[in-house]
Amino acid sequence: MSYPHGAELYRGKAKTVYATDDADLLLMHFRDDTSAFDGEKKAALQRKGMVNNHINAFIMTRLAQAGVPTHFVRLVGPQDSLVRRLDMVPVECVVRNVAAGSLVRRLGVTEGLVLDPPLYELFLKNDALHDPMISEDHALAFGWASAAELKRMRELSLKVNAVLKPLFEAAGITLVDYKLEFGRHGGEVLLGDEFTPDGCRLWDAGSGERLDKDRFRRDLGGVVEAYEEVARRLGVDLPAAG
Ligand code: ADP
Ligand code: UDP
């Protein structure tokens, strides 16, 4: 890693988080590891960490410019970014523009059904329990987030959609759904974690071809190539292949 860092604080399924000499800043390292089905299926995909780090930096910068407060500070290496340390809310916020994935399995609705206005759902971030769906009342009852935090998370999740749906559309890509994580920082709620093809569904607007982690989940192959295609279409600068 190209940035001076301290102790490893957390090793997740796809990223490792390190302390730095500034207590307010963390180094987020995007590994080449990929996982699905709560970590049951795993693989290492060359270049994925680098591609995701750069897509995330691009998206987080666009969101910040549009007024969504994020933890992202700057890129500090091919697979590394500096972020503000957040007290994470253990809730995953999912926004859906088109029915797919667990929504289709849960409710039996047709995949591809357009959801307008978009659908907003909450899930508890807990692999052992397979990230069960929850309501805002569950989050309140068990102290996972306050009413004000939940209101802000919903508002920011939908603002992200207002920014990113047209951004992807202009690149010939349908933003089907995505997962966001938020955290607390100095009394404010900031967008944390990542926005990459690992945490959203992206379909080619013309052919419907999957350009996201479903390629890995469904053994379609060409996972990183699809992520690189997303980067190319968005105009993300990637370091040349070494
Ligand atoms: P997972 O925990 O789902 O396996 P990752 O491999 O992506 O996920 O690990 C990244 C971890 O870092 C996640 O648990 C995420 O909630 C946490 N995280 C993301 N952004 C921040 C931040 N700014 N401050 C503290 N923790 C963060
Ligand atoms: N998602 C994610 N991490 C999770 C659960 C979901 O990044 O732990 C993303 C997923 O990639 C998709 C969206 O959130 O873009 C909605 O996921 P869904 O509820 O359909 O679950 P899935 O079938 O993908 O497990």
Side-chain angles (χ1 to χ4, degrees), residues 14-15 28 30 51-75 81-84 86 88-89 91-101 103 112-123 125 136 145 148-186 188-206 208 210-214 226-238:
K15 302 192 289 301
M28 187 167 260
F30 288 76
V51 175
N52 273 0
N53 185 38
H54 286 82
I55 292 177
N56 179 63
F58 177 90
I59 298 278
M60 290 281 174
T61 303
R62 289 303 180 94
L63 291 174
Q65 286 164 353
V68 176
T70 87
H71 69 157
F72 180 76
V73 177
R74 63 189 159 93
L75 279 170
S81 284
L82 211 53
V83 301
R84 298 207 181 286
L86 306 183
M88 296 304 289
V89 176
V91 170
E92 301 188 336
C93 304
V94 169
V95 176
R96 303 178 185 272
N97 294 304
V98 177
L103 176 69
L113 186 75
V114 173
L115 304 165
D116 187 14
L119 198 57
Y120 177 67
E121 296 177 336
L122 300 181
F123 297 86
K125 188 172 161 68
E136 293 199 344
E149 286 165 352
L150 290 165
K151 182 166 176 272
R152 187 68 172 145
M153 284 156 60
R154 181 190 173 95
E155 180 180 65
L156 290 176
S157 294
L158 294 173
K159 181 154 187 183
V160 165
N161 203 42
V163 178
L164 295 188
K165 196 170 167 248
L167 186 85
F168 280 105
E169 229 155 53
I173 297 171
T174 303
L175 178 57
V176 170
D177 58 30
Y178 55 88
K179 182 267 297 177
L180 302 176
E181 291 182 31
F182 294 92
R184 309 167 183 102
H185 184 269
E188 228 199 319
V189 172
L190 305 190
L191 175 63
D193 205 46
E194 66 177 288
F195 194 106
T196 70
D198 269 359
C200 64
R201 286 194 169 86
L202 303 171
W203 294 356
D204 178 83
R210 271 50 173 175
L211 300 172
D212 55 62
K213 198 159 96 174
D214 273 347
Y227 290 20
E228 283 173 322
E229 172 66 11
V230 170
R232 191 189 65 73
R233 289 202 208 173
L234 290 174
V236 177
D237 274 332
L238 294 181

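Quick note: numbers below take in every heavy atom, side chains included, and nothing from hydrogens, waters or symmetry partners. Everything numeric here is computed off the predicted structure, so don't read it as measured data.
Side-chain contact between S157 and V94 is absent, with no heavy atoms from C-beta onward closer than 4.5 Å. Side-chain contact between L175 and L167: absent, with no pair of heavy atoms (C-beta onward) separated by less than 4.5 Å. Counting heavy atoms from C-beta outward, F182 and L156 have side chains that approach closer than 4.5 Å. Two residues are said to be in side-chain contact when any heavy atoms from C-beta on lie closer than 4.5 Å; L113 and V98 fail this criterion. Counting heavy atoms from C-beta outward, R96 and N161 have side chains that stay 4.5 Å or more apart. With a 4.5 Å cut-off on side-chain heavy atoms, V160 and V95 do not count as touching.
A donor-acceptor pair under 3.5 Å links the side-chain atoms of R233 to the main chain of G172, judged by distance alone.
Annotation for V236 and H54: closest pair CG1-O, 3.6 Å, computed over non-hydrogen atoms. When all heavy atoms are compared, the tightest approach of L234 to F58 is O-CZ, 3.3 Å. What you find for L158 and P118 is that their closest heavy atoms are CD2-CG, 4.1 Å.
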List, one per line, each side-chain donor-acceptor pair under 3.5 Å for residues 188-198, sequence neighbours excluded.
residue: D193; atom: OD1; partner: K15; partner atom: NZ; Å: 2.9
residue: D193; atom: OD2; partner: K179; partner atom: NZ; Å: 3.2
residue: E194; atom: OE1; partner: T196; partner atom: OG1; Å: 2.5
residue: E194; atom: OE2; partner: K15; partner atom: NZ; Å: 2.6
residue: T196; atom: OG1; partner: D198; partner atom: N; Å: 3.1
residue: D198; atom: OD1; partner: Y227; partner atom: OH; Å: 2.6
residue: D198; atom: OD2; partner: K48; partner atom: NZ; Å: 2.5
residue: D198; atom: OD2; partner: N52; partner atom: ND2; Å: 3.2

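For the pair R152 and E149, the salt-bridge criterion is not met [side-chain N within less than 4.0 Å of a carboxylate O]. Between E228 and R232, no side-chain nitrogen of the basic residue sits less than 4.0 Å from a carboxylate oxygen of the acidic one, so the salt-bridge criterion is not met.
For the atom pair CG (L164) and CG (L180), the distance works out to 8.5 Å, reported to the nearest 0.5 Å. To the nearest 0.5 angstrom, L202 atom CG is 11.0 Å from R210 atom CZ. The OH atom of Y120 lies 3.5 Å from the SG atom of C93; values are rounded to the nearest 0.5 Å.
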Determine, step by step, whether F168 and I59 satisfy the side-chain contact (heavy atoms from CB on, under 4.5 Å) criterion, reporting the C-alpha distance in whole Å, the side-chain angles of both residues, the deciding distance to 0.1 Å, and the verdict.
CA-CA 10 Å; F168 280 105; I59 298 278; 3.9 Å; yes

I'd like to know whether T70 forms a side-chain contact (heavy atoms from CB on, under 4.5 Å) with T61, so could you lay out the CA-CA distance, the side-chain angles of the two residues, the decisive distance to 0.1 Å, and finally the verdict.
CA-CA 9 Å; T70 87; T61 303; over 6 Å; no

Verdict with supporting geometry, H71 and H185, side-chain contact (heavy atoms from CB on, under 4.5 Å):
CA-CA 9 Å; H71 69 157; H185 184 269; over 6 Å; no

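R201 pairs with exactly one of D177, N97, D212, T174 by the side chain to side chain donor-acceptor pair (under 3.5 Å) rule, that one being D177.
Scanning for side chain to side chain contact (heavy atoms under 4.5 Å, CB included) contacts around V89 gives V91, A145, M153, R184, with sequence neighbours left out.
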